[in-house]
Amino acid sequence: MAKHIPVRRMADVKEPLVLFLIGMRINTFWRVWEWLPSFLAMGPMIVELYKNPELGFLRARTEMAGRTITVIQYWKSFEALEAYASQGDRKHRPAWTAFYKRATSGTGAVGIFHETYVVRPGEVESLYVDMPADFGLGGAVGTAQVGVRTESARQRKG
Ligand code: HEM
């Protein structure tokens with residue numbers, strides 16, 4: 001189990017970065033051959049991104065809730081994320097094309113989504129107590145210990 005840090009810490013956001021939520025929803029479980037390829041496409045991309053830090057990816061965490069699987073990702077910039085998505089020599093662009101080829105069956109057995117947020121210093125707040133050092137936004141950008149001037153959420157945001 002990852003070691004957790006007993007003091008109160010906050011993400012140390014010094015520069016803008018991007019929070020990217022991406023995922024899939026299994027609409028029809030039994031049509032496995034329709035949703036499984038989308039499910040299987042994600043892992044190799046995450047491996048590719050961790051292996052190539054120059055692409056601007058920082059880190060990711062996967063959450064599952066009912067029919068929906070969400071990968072929470074942190075990126076250095078919107079431009080880096082956009083560039084990765086469109087690069088023909090990387091794993092994403094072929095997966096994009098393959099998805100729409102499969103989707104022509106029109107059953108809607110799998111849904112996909114993404115949401116992109118630009119996170120700016122002064123517009124974000126976080127707190128971690130007894131959490132592993134590599135968790136969440138703090139894990140992506142580093143953390144600072146909460147002090148007298150950052151006791152409340154409002155102060156940490158400022
Ligand atoms: C590390 C994982 C992934 C990242 C960072 C990522 C990122 C992105 C981004 C930024 C776009 C928007 C591109 C643009 O419009 O300029 C996009 C579109 C798309 N992605 Fe991904 N993606 C990932 C995984 C996947 C997977 C696993 C699939 C497989 C189903 C997929 C399928 C698609 C499709 C079909 C689109 C086009 C959607 C549309 O505009 O109609 N992506 N992705």
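Just so you know, ligand 1 is whichever comes first in the structure, and atom 1 is the first atom listed for that ligand. Just so we're clear, the structure is a prediction, and the values are computed from it rather than from any experiment.
The nearest N, O or S atom of His114 is not closer to atom 21 (Fe) of ligand 1 than 2.8 Å.
The shortest contact between atom 14 (C) of ligand 1 and any protein heavy atom is with Trp96 CH2, 3.9 Å. Closest protein heavy atom to atom 1 (C) of ligand 1: Gln73 NE2, 3.2 Å. Nearest non-hydrogen protein atom to atom 3 (C) of ligand 1 is Ile22 CD1, 3.7 Å. Atom 16 (O) of ligand 1 has its closest protein heavy atom at Glu82 CG, 4.2 Å. Nearest protein neighbour of atom 4 (C) of ligand 1, counting heavy atoms only, is Phe20 CE2, 3.7 Å. Nearest non-hydrogen protein atom to atom 39 (C) of ligand 1 is Tyr100 OH, 3.5 Å. Ranking the protein heavy atoms by distance from atom 26 (C) of ligand 1 puts Met45 CE, 3.7 Å first.
Side-chain atoms of His92 come within 3.5 Å of backbone atoms of Ala85 as a donor-acceptor pair (strictly under, hydrogens ignored). Between the side chain of Tyr128 and the backbone N or O of Gly138 there is at least one donor-acceptor pair closer than 3.5 Å. Side chain of Arg67 to backbone of Arg25: no donor-acceptor contact under 3.5 angstrom is found.
Both Leu21 and Val141 sit in one connected hydrophobic cluster of ILVMFWY residues. Membership requires side-chain heavy atoms under 4.5 Å apart, directly or through other members.
Atoms of ligand 1 found under 4.0 Å from any heavy atom of Leu49, numbered from 1 in the order shown, are 1 (C). Annotation for ligand 1: atoms under 4.0 Å from non-hydrogen atoms of Leu81 are 5 (C), 10 (C). Applying the 4.0 Å criterion to heavy atoms of Ile112 picks out, from ligand 1, the atoms 34 (C), 35 (C). Of all atoms in ligand 1, listed by their number and element, those nearer than 4.0 Å to a heavy atom of Trp75 are 5 (C). Listed by number with element, the atoms of ligand 1 under 4.0 angstrom from any heavy atom of Ala85 are 8 (C), 9 (C), 10 (C), 11 (C), 13 (C). The distance from ligand 1 to the heavy atoms of Ser38 drops below 4.0 Å at these ligand atoms: 27 (C), 30 (C).
Nearest heavy atom pair, residue Val13 against residue Arg120, reads CG1-C, 4.4 Å.
At most 12 heavy atoms of other shown residues, nucleotides or ligands fall within 6.0 angstrom of atom CZ in Phe39. Heavy atoms of other residues, nucleotides or ligands lying less than 6.0 angstrom from CD of Glu54 number more than 12.
The six-membered or imidazole ring of Phe57 lies near that of Tyr50, with a centre-to-centre distance under 6.0 Å.
In summary, Arg8 and Glu151 engage in a salt bridge, as defined by a charged side-chain N under 4.0 Å from a carboxylate O.
At a 4.0 Å cut-off, not a single heavy atom of Phe57 sits close enough to ligand 1 to count as contact. Within the structure, ligand 1 lacks Met24 among the residues with a heavy atom less than 4.0 angstrom away.
Just one residue in the list Asn27, Thr28, Thr107 forms a side chain to side chain donor-acceptor pair (under 3.5 Å) with Glu34, and that residue is Thr107.
When atom 21 (Fe) of ligand 1 is compared with the N/O/S atoms of His92, atom NE2 turns out nearest.
Taken to the nearest 0.5 Å, the CE atom of Met10 stands 7.0 Å off from the CZ atom of Arg156.
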